[in-house]
Each structure stands twice: as structure tokens, then as C-alpha cells.
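What you are looking at is a predicted structure, and each value in this text was computed from that prediction instead of being measured. Heavy-atom basis, side chains included; hydrogens, waters and symmetry copies ignored. Residue numbers start at 1 and run along the sequence shown.
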Amino acid sequence: MPPRKRYQWQDGAPAVPEDSPSRSEKKRRSTALQELGEELAALPPSAWRDMPLGPDMREALDLLSRISDREGRRRQLQFIGRLMREEDAGAIRTALAARAAGQQAETARFHRAEQWRDRLLTETDAALPALLDALPGALPHAGAEAIARLRELVPAARREHGAPHARRELFRLLMQCQRPGEGQK
């Protein structure tokens with residue numbers, strides 16, 4: 001009697017184990033890791049040095065920053081994408097999100113200082129004392145010395161027509177009132 005023909009679909013066992021990802025899913029994961037590597041590569045070296053990366057990844061990123069040839073950069077980015085499989089992508093994403101949140105907070109702080117400077121310079125003389133009295137509530141670290149200095153700077157900044165020295169100093173003081181312990185840059 002000849003052997004019975006057996007086909008994969010006849011034994012009741014699936015051809016592909018159900019718990020393994022499909023080829024498309026593997027490709028999506030690989031592409032996501034490569035995009036994460038490209039996002040890391042776009043950062044300045046000082047930023048990714050603080051990230052939770054292995055030594056091979058740091059070396060690959062450092063090498064990428066020195067490559068100027070287009071094809072060489074493309075190949076190095078592919079290599080970084082492959083190295084990303086060995087890294088903790090969740091921790092890297094968390095670090096990138098924290099960095100982005102810090103940048104957004106800094107931008108918001110900068111805009112608040114600009115808005116306060118513009119309000120102080122454009123309001124009438126009658127509204128100026130009310131604005132200065134509102135500053136300690138709006139800018140948490142505006143002390144009595146800062147308020148006194150602001151009272152001196154605002155009229156000087158209003159009088160300026162040439163070089164905006166008092167306007168810049170006013171802006172720096174408003175930035176300091178938002179975050180304590182920072183010196184002028």
C-alpha cells in the first residue's frame with residue numbers, strides 16, 4: 001500500500017504558528033525602529049549622550065555625525081536601524097518624549113517672558129502699577145528686588161530708540177523671575 005499523502009491543512013495544525021508575527025508586522029516593527037534611530041541621529045550629540053544607549057549605538061551615532069557622503073549616511077542609518085533591535089526602544093522613546101516636553105516647557109517660558117515684556121512696554125502709565133503688582137502671582141519667583149528692578153527698567157526701555165539694552169535686560173529679568181537660580185546668559 002502506498003503512503004498516504006499528507007498535506008499541511010489536513011493535519012489540523014496551522015501552517016504558521018499563530019503567536020508569531022506576520023511578515024508585514026515584522027517589517028512595520030523594523031521600520032519603526034529605523035525611524036526611531038533616525039530621530040536619534042537628528043539630535044545633537046549632547047542630547048543622545050544622555051539617552052539610555054549601548055556603546056555600539058553611541059559609536060554608530062558618532063560615526064554618522066562624521067559622514068558627509070549621502071550614500072554613506074543612508075547605509076549608516078540602516079545600520080543604526082539594525083542596532084536599534086538590540087536597544088530598549090521603550091526607554092529611548094520615553095527619553096525622547098521627556099526631552100520634547102522639556103523643550104516645549106522652555107518655549108512656553110520664553111513666550112511668557114516675551115508677552116510680559118510687551119505688556120509692560122505697551123500699557124499706559126496708569127496700567128503699569130497694576131501690571132507690576134500682578135507679576136508676583138504670574139511669575140512665581142519674582143521677588144521684591146526683581147520688582148524694584150523692573151520698575152526701573154520699564155521706563156528706560158520705553159525711552160530707548162537705538163540699541164535695545166534695557167529691553168534685553170528686562171527680558172532676561174522676566175526669564176529669571178520664572179525660574180530661580182539662573183544667571184544671565
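- Scanning both residues, P21 and R29, for their nearest heavy atoms gives CG-NH1, 3.8 Å.
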Side chain to side chain contact (heavy atoms under 4.5 Å, CB included) evaluation trace for I80 with L40: CA-CA 9 Å; I80 288 171; L40 273 176; 6.0 Å; no
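- What you find for L77 and E38 is that their closest heavy atoms are CD2-CG, 3.8 Å.
- Contact check for R99 versus L43: side-chain heavy atoms found under the 4.5 Å cut-off.
- Side chains of R66 and D62 form a contact here, defined as non-hydrogen atoms less than 4.5 Å apart.
- In the displayed structure, R74 atom CZ is contacted under 6.0 Å by more than 12 heavy atoms of other residues, nucleotides or ligands.
- Side-chain N or O atoms of R117 include none that pairs as donor or acceptor with a backbone N or O of L174 at under 3.5 Å.
- The two residues L153 and L173 have their closest heavy-atom pair at CD1-CD2, 4.0 Å.
- Looking at heavy atoms from C-beta onward, M84 lies out of side-chain contact with S30 at the 4.5 angstrom threshold.
- With rounding to the nearest 0.5 angstrom, the CG atom of D69 is 12.0 Å from the CD atom of Q76.
- The CD atom of E39 sits 13.5 Å away from atom CD of Q34, with the distance rounded to the nearest 0.5 Å.
- From S20, atom OG reaches atom CD of E25 across 11.0 Å, with rounding to the nearest 0.5 Å.
- Judged purely by atom type and a 3.5 angstrom limit, R159 has no side-chain atom pairing as donor or acceptor with the backbone of V154.
- Counting all heavy atoms, side chain and backbone alike, L121 lies closest to A157 at CD2-CB, 3.5 Å.
- In this structure, the separation between CZ on R149 and CD on Q176 is 11.0 Å, given to the nearest 0.5 Å.
- With hydrogens and angles ignored, the 3.5 Å screen pairs a side-chain donor or acceptor of R73 with a backbone N or O of L64.
- Put simply, the side chain of E106 does not reach to within 4.5 Å of the side chain of Q103, judged on heavy atoms.
- Smallest separation of non-hydrogen atoms from E87 and M57: OE2-CB, 3.5 Å.
- Looking at E169 and R172, no side-chain N of the basic residue comes within less than 4.0 Å of a carboxylate O on the acidic one, giving no salt bridge.
- Atom CZ in R58 sits 15.5 Å away from atom CG in L63 (nearest 0.5 Å).
- Residue P52 comes nearest to I92 through the heavy atom pair O-CG1, 4.0 Å, listed as atom of the first residue, atom of the second, then distance.
- Between K27 and R23, every side-chain heavy-atom pair lies at or beyond the 4.5 Å cut-off.
- Between the CZ atom of R28 and the CG atom of L33 there is a distance of 13.5 Å, given to the nearest 0.5 Å.
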